[in-house]
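Worksheet for the structure shown next.
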Amino acid sequence: MTGATGAALAVTGTTGTAAADGAVRGATAAGAAPEARSQARGRPYRRREFRGMWMATVNNIDWPSRPGLTAGQQRSELLVHLDTAAERRLNAVVLQVRPTADALWPSPYEPWAECLTGTQGRDPGWDPLGTAVAEAHARDLQLHAWFNPYRVANHTDPARLTASHPARRHPEWVLPHGGKLYYDPGLPEVRRFVQDAMLDAVRRYDVDAVHWDDYFYPYPVAGQSFADDETYARHGGDFPDRASWRRHNTDLLVSEMSARIRAVKPGVAFGVSPFGVWRNRATDPEGSNTDAGVQTYDDLYADTRKWVREGWLDHVVPQLYWNIGLPAADYAELLPWWDETVRGTGVGLYIGEALHKAGDPAQPAAWQDPRELSRHLELAKGYSGVGGHCFFSAKEVARDRIGAMAAVVADHYPARVRPPG
């Protein structure tokens, strides 16, 4: 994000459905819909609204708190995050399960994630994704599996990847840029592979949605160009320029994944959380009244508005990580732009909220006010297309530095509600 388990063995000192944990390692965890589970417990929901939080695992942003914890410690921390989400009257957790072309489940395609043990490829001794699904559903929370399609590593040394990593077996798939390694989005074999790797989790587990964040082609880096000259020469001949070809590649990734999810499990939703500015109005009269330094269409080669209009997405979660009144990217300007974008499409709109900025002394004065986020939700009530909000990120939901999340709950979440769908 700019700026978003069944245990294989009984774990001493943990709570929750340990018996169920063992049944979901490497298999689909069964689970009823949140509404049915809630009604069975005599807790009727009043209406539908998305209330989510991102739980980032890359660089151990949210969870686990550090690499190398025991299976029991990792599981205990996970359950605390899920409990906190339920206590805050949220109804969805967006868990990052493929942070750097590695996996938080026993994947046949990619190695175990480094964030778990500190060593990529090392079995952590349990199934984090399986447990997350089972334990989220036990708390009437949806579990959205968050994948990053193309990021391989937050460094440029392939030798630091585990020996069996696909990026080492296929070095021709990988390009360095800005101090990181990426799979090349212009290669058809790369698009197919990353889709296969992500769909493995969809087949195995009862996830409620597939979620992608804002990373497609990498963010621009001053003085550097993404070095896909050879790929463009091989595959870009039918396009007027490289930008059009790159956007086409990203369109294919999204449209193909959308169709494959629906073929594998029609009930699993597909959502994308893009950077909040499609294009500035100065660039395109149909863009937003903003002056953002990044435009997804031009800089990330992601035509997010097209994906909504084509119906490739079930919902979109734009990261509107700015305060009301910010001149370059005013939350109050972007909110109606996105509301208009989804109108008549049937695509759900949930707004990504920058809880991580609340109380951060490096942020503008607006973010020192604990009611800034509450005002966002109040403003959003005036737009019928807005179906909810998602907060970055889990550790901020828990620590709530200046009470911004508490204000949101007090002002807008008086009781638990069903998520849309």
Evaluate the side-chain proximity of [Y] to [X]: yes if any heavy-atom separation is below 4.5 Å, no if none is.
X	Y	answer
Val272	His211	no
Glu396	Asp62	no
Leu355	Ser393	no
Leu78	Met55	yes
Phe193	Glu110	yes
Leu349	Val316	yes
Pro99	Leu104	yes
Asp208	Val268	no

Next on the checklist: Would Asp184 and Thr231 count as a side chain to side chain donor-acceptor pair (under 3.5 Å) here? Give the steps.
Outcome noted: CA-CA 8 Å; Asp184 185 347; Thr231 311; 2.5 Å; yes
Inter-residue atom distance [X].[atom1] - [Y].[atom2], 0.5 Å rounding:
X	Y	atom1	atom2	answer
Leu320	Leu326	CG	CG	12.0 Å
Arg416	Leu141	CZ	CG	5.0 Å
Leu373	Ile351	CG	CD1	12.5 Å
Met257	Trp312	CE	CH2	15.0 Å
Ser255	Glu310	OG	CD	9.0 Å
Asn91	Arg418	CG	CZ	11.0 Å

Checklist entry - Taking the inter-plane angle between the rings of Phe392 and Tyr321 on a 0 to 90° scale, is it parallel (under 30°), tilted (30 to 60°) or perpendicular (over 60°)? => result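 Rings of Phe392 and Tyr321: tilted, as their planes differ by 30° to 60°.
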Item to check | Geometric class of the Tyr215/Tyr219 ring pair [parallel <30°, tilted 30-60°, perpendicular >60°] | outcome: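 Perpendicular, since the angle between the ring planes exceeds 60°.
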Checklist entry - Is it the case that Arg122 places NZ or CZ above or below the six-membered ring of Trp112, under 6.0 angstrom from the centre and within 45 degrees of the axis? => result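 No, Arg122 does not lie over the aromatic ring of Trp112.
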Checklist entry - Does the cation-pi check pass for Arg51 over Tyr413, that is, NZ or CZ under 6.0 Å from the six-membered ring centre and within 45° of its axis? => result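 The answer is yes; both the distance and angle limits are met.
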Is there a donor-acceptor contact under 3.5 Å from the side chain of [X] to the main chain of [Y]?
X	Y	answer
Gln120	Thr162	yes
Asn59	Ile61	no
His165	Ala101	yes
Asn280	Thr283	no
Arg204	Pro106	yes
Thr70	Gln73	yes
Asp299	Gln295	yes
Asp330	Gly325	yes
Arg98	Pro149	yes
Trp338	Gly276	yes

Under 4.0 Å between a Lys/Arg side-chain N and an Asp/Glu carboxylate O for [X] and [Y]?
X	Y	answer
Arg375	Glu372	yes
Asp206	Lys265	no
Arg191	Asp196	no
Arg260	Glu256	no

Which atom of [X] lies closest to which atom of [Y], heavy atoms considered:
X	Y	result
Pro108	Asp200	CD-OD2, 3.3 Å
Ala85	Met53	CB-CE, 3.8 Å
Pro336	Ala332	CD-O, 3.1 Å
Leu161	Arg168	O-NH1, 2.8 Å
Ala407	Ser374	O-OG, 4.1 Å
Ala394	His81	CB-ND1, 3.7 Å

Is the gap between the ring centers of [X] and [Y] under 6.0 Å?
X	Y	value
His376	Tyr331	yes
His315	His144	yes
Phe270	Trp212	yes
Tyr301	Tyr217	yes

Item to check | Intermediate values then yes/no, side chain to side chain donor-acceptor pair (under 3.5 Å), Gln319 and Asp214 | outcome: CA-CA 8 Å; Gln319 297 172 33; Asp214 49 318; 3.2 Å; yes
Next on the checklist: Let's go through Ser288 and Glu333 carefully: what are the C-alpha distance in whole Å and the side-chain angles of both, what is the deciding distance for side chain to side chain donor-acceptor pair (under 3.5 Å) to 0.1 Å, and is it a yes or a no?
Outcome noted: CA-CA 7 Å; Ser288 52; Glu333 292 283 351; over 6 Å; no
Checklist entry - Looking only at side chains, do Trp278 and Asp303 share a donor and an acceptor under 3.5 Å apart? => result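 Note: Trp278 and Asp303 side chains meet the donor-acceptor criterion.
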Checklist entry - For Ser273 and Asp213, does a side-chain donor sit closer than 3.5 Å to a side-chain acceptor? => result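 On atom types as modelled, these side chains do not qualify, holding no pair under 3.5 Å.
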Next on the checklist: Apply side-chain contact (heavy atoms from CB on, under 4.5 Å) to residues Gln195 and Leu253 and explain how you reach the verdict.
Outcome noted: CA-CA 8 Å; Gln195 292 171 19; Leu253 178 75; 4.0 Å; yes
Next on the checklist: Could you go through His356 and Phe391, starting from their C-alpha distance and side-chain angles, then the distance that decides it, and tell me whether this counts as side-chain contact (heavy atoms from CB on, under 4.5 Å)?
Outcome noted: CA-CA 8 Å; His356 64 291; Phe391 301 92; over 6 Å; no
Next on the checklist: For Glu230, is the CD atom crowded, meaning more than 12 foreign heavy atoms sit under 6.0 Å from it?
Outcome noted: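 Not buried by this count: 12 neighbours or fewer within 6.0 Å.
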Checklist entry - Within a reach of under 6.0 Å around CZ of Arg160, are more than 12 heavy atoms found that belong to other residues, nucleotides or ligands? => result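 Atom CZ in Arg160 is not packed in, count stays at 12 or less.
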Item to check | CA sep, side-chain torsions, deciding dist, call: Trp307, Phe216, ring-ring contact (aromatic ring centres under 6.0 Å, His included) | outcome: CA-CA 14 Å; Trp307 307 343; Phe216 296 98; 5.2 Å; yes
Next on the checklist: Under the criterion salt bridge (charged side-chain N to carboxylate O under 4.0 Å, His left out), I'd like the reasoning laid out for Arg247 against Asp251: C-alpha separation, chi angles, the key distance, then a yes or no.
Outcome noted: CA-CA 6 Å; Arg247 275 189 293 274; Asp251 285 350; over 6 Å; no
Next on the checklist: Between Glu353 and Leu377, is the side-chain contact (heavy atoms from CB on, under 4.5 Å) condition met? List the steps.
Outcome noted: CA-CA 9 Å; Glu353 300 286 353; Leu377 273 68; 4.1 Å; yes
Item to check | Steps toward side-chain contact (heavy atoms from CB on, under 4.5 Å) verdict (Leu313, Val254) | outcome: CA-CA 8 Å; Leu313 306 178; Val254 174; 4.0 Å; yes
